[in-house]
Number of protein chains: 2
Amino acid sequence: MDYPRTVSTNALRADSARARARMLRAARKLVAAGDLELPMNAIAKAAGVGVGTVYRHFPSRQALLESLAAERLALLVDEAERAAAEPDVAAALARLLRAALEHQLGDPTLAAVLAEPEAARAETRSLSQALTAAVIRLLERAHAAGEIRPEITAEDLQALLCGLQHAVKVRGGTDNDRYLAILLRGLRA
Amino acid sequence: MDYPRTVSTNALRADSARARARMLRAARKLVAAGDLELPMNAIAKAAGVGVGTVYRHFPSRQALLESLAAERLALLVDEAERAAAEPDVAAALARLLRAALEHQLGDPTLAAVLAEPEAARAETRSLSQALTAAVIRLLERAHAAGEIRPEITAEDLQALLCGLQHAVKVRGGTDNDRYLAILLRGLRA
DNA sequence: ACCTGAACACCGTTCAAGT
DNA sequence: ACCTGAACACCGTTCAAGT
């Protein structure tokens, strides 16, 4: 007897999911246009929903940012896990840092999320934990191999990368490789 | 016969100067409270003037920021000029970078101004030029002494320092010396 | 349950009116 | 000349009212 109810619930959910997708698309359009402020009212209008609906789906600007960044953050986690498993530690470190830098430059929402000390969404929290865990494993191997100064922690690496991203952005987006090389040289034991 | 007019002009100017000082004080108070947004209306109210007066003195938020940062920027220029003249090139480089980092951490308005590619005020422009000139002189000596990689320019140094400041801030403001050491090691030839 | 959008408080910016 | 502050447009956020 709950079949109709299920169907109607599904219908509601499908609708809700479509609205959510429209909001995310509208937000991405704003980001692509260089606007990271993500005005809730503007998103509501562009997505054809009431403001309250935007707030229901994304209780804060930070939550919205994290939803936008989630996909790329997941890609970065993959990359970090591959790096942690890669035999050549020095190459793995270089590749991971470069990937992290490029993902941040390619998506300003990811840079914003990584610069934030706390996650607003559970998904972000678990992805961040996975990222940190993989970096820690890589770092342990790098320390064991004497590839990197012993006092460098995973948090240091994350902060330094945030900084590097900032430096590259200040200069207009070129120079990634040069600045990356400077960081890698500075990290070496 | 223009004596009275002069006097009255002076009176106006004194008044205007006092109002200006009140606005700057109000703005500094906001910055000290951690608010870098500097709402013009809030400053007007706190300084006891109309909003229009704030706009007359500071035509944009950027101009206001630069006015707030000017004093410290001048200090930094002094520091850079001393560094350019200091015999021990390596020590001069280290001292300048550390001073620049600490000035930025001590005053977020300076960090904001240094991260901006263009200056809104003429004073800022000339201070920035003096800063760049001093850094170039120091860099030439460092290159001649083989103390620093040859491809590093003054603009690179500025961007990297912006990044370093960002990295330190992300981590909560400790770690300046450790991160500075990493940058210096990375810059070395 | 979920959605809507009016309503309130706020801020940026301009400009007609005052002195 | 300089200053004032009302006025307009905008945005964040909430919540009573609708379905």
Side-chain angles (χ1 to χ4, degrees), chain A residues 2-27 29-31 33-68 112 116 120-121, chain B residues 1-27 29-31 33-68 109 112 116 120-121:
Chain A
D2 50 5
Y3 182 56
R5 197 183 298 161
T6 305
V7 164
S8 107
T9 302
N10 278 352
L12 274 175
R13 286 199 169 169
D15 227 51
S16 189
R18 248 172 295 147
R20 192 188 149 92
R22 281 203 310 277
M23 293 179 239
L24 286 172
R25 216 172 317 141
K29 207 165 183 176
L30 287 174
V31 171
D35 183 5
L36 259 197
E37 287 186 15
L38 301 177
M40 298 298 215
N41 282 298
I43 290 166
K45 190 181 277 189
V49 297
V51 226
T53 304
V54 181
Y55 276 92
R56 165 172 294 274
H57 283 264
F58 310 105
S60 68
R61 202 186 85 95
Q62 178 66 14
L64 176 55
L65 268 178
E66 292 178 15
S67 299
L68 289 169
E116 210 63 42
R121 295 179 70 229
Chain B
M1 258 319 247
D2 51 1
Y3 182 55
R5 197 185 300 161
T6 306
V7 165
S8 106
T9 302
N10 278 352
L12 274 175
R13 284 200 171 169
D15 228 51
S16 188
R18 248 171 295 147
R20 191 188 149 92
R22 282 204 308 278
M23 293 180 240
L24 286 172
R25 216 172 317 141
K29 208 166 182 174
L30 286 174
V31 171
D35 184 5
L36 259 196
E37 288 186 13
L38 301 177
M40 298 298 215
N41 283 296
I43 289 165
K45 190 182 277 190
V49 299
V51 227
T53 305
V54 182
Y55 276 92
R56 166 171 293 274
H57 283 263
F58 310 103
S60 67
R61 201 186 86 95
Q62 178 66 12
L64 175 55
L65 267 178
E66 291 178 15
S67 299
L68 290 169
T109 66
E116 210 63 42
R121 295 179 70 228

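The shown structure was predicted, so the numbers you read here are calculated from the model rather than taken from an experiment. Residue numbering restarts at 1 for every chain, and letters A, B, ... go by the order of the sequence lines.
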- Counting just side-chain N and O atoms, does A:Thr53 come under 4.0 Å of either OP1 or OP2 of C:dC2? no

- Task: Could you let me know what D:dA6 is paired to, Watson-Crick or G-U wobble, both distances under 3.5 Å, or none if it's on its own?
- Result: C:dT14

Show me the protein contacts with nucleotides 10-12 of chain D, counting only N or O atoms at under 3.5 Å.
| from | atom 1 | to | atom 2 | distance (Å) |
| --- | --- | --- | --- | --- |
| D:dG12 | OP2 | A:Met40 | N | 3.0 |
| D:dG12 | N7 | A:Asn41 | ND2 | 2.9 |

- Message: Are B:Leu64 and B:Ile43 packed together at the side-chain level, in the sense that at least one heavy-atom pair is separated by less than 4.5 angstrom?
- Response: yes

- Message: Between A:Ser16 and C:dC3, is there a contact of a side-chain N or O with OP1 or OP2 at under 4.0 Å?
- Response: yes

- Rounding to a whole Å, what distance do you find between A:Arg20:CZ and C:dC3:P? 12 Å

- Note on the structure: Of the candidates D:dT4, D:dT14, C:dT13, the side chain of B:Val51 sits closest to C:dT13

- Is the closest side-chain heavy-atom distance between B:Leu65 and B:Ser60 below 4.5 Å? no

- Query: Roughly, in whole Å, what's the span from NE2 in A:His57 to P in C:dT4?
  - Reply: 9 Å

- Message: What verdict does the side chain to side chain contact (heavy atoms under 4.5 Å, CB included) test give for B:Met23 and B:Thr53, after you've listed the backbone C-alpha separation in whole Å, the side-chain angles of each residue and the deciding distance to 0.1 Å?
- Response: CA-CA 10 Å; B:Met23 293 180 240; B:Thr53 305; 3.7 Å; yes

- Message: Rounded to whole Å, how long is the line connecting atom CZ of A:Arg56 with atom P of D:dT14?
- Response: 13 Å

- Task: Quick one: look up who D:dA1 pairs with, Watson-Crick or G-U, both distances under 3.5 Å, and put none if it's unpaired.
- Result: C:dT19

- Note on the structure: Nearest heavy-atom contact between B:Ala46 and B:Ala26 is CB-CB, 3.7 Å

- Between B:Arg20 and B:Ser67, is any pair of side-chain heavy atoms under 4.5 Å apart? yes

- Task: Decide yes or no for B:Arg56 and B:Ser16: does some side-chain heavy atom of the first lie under 4.5 Å from some side-chain heavy atom of the second?
- Result: no

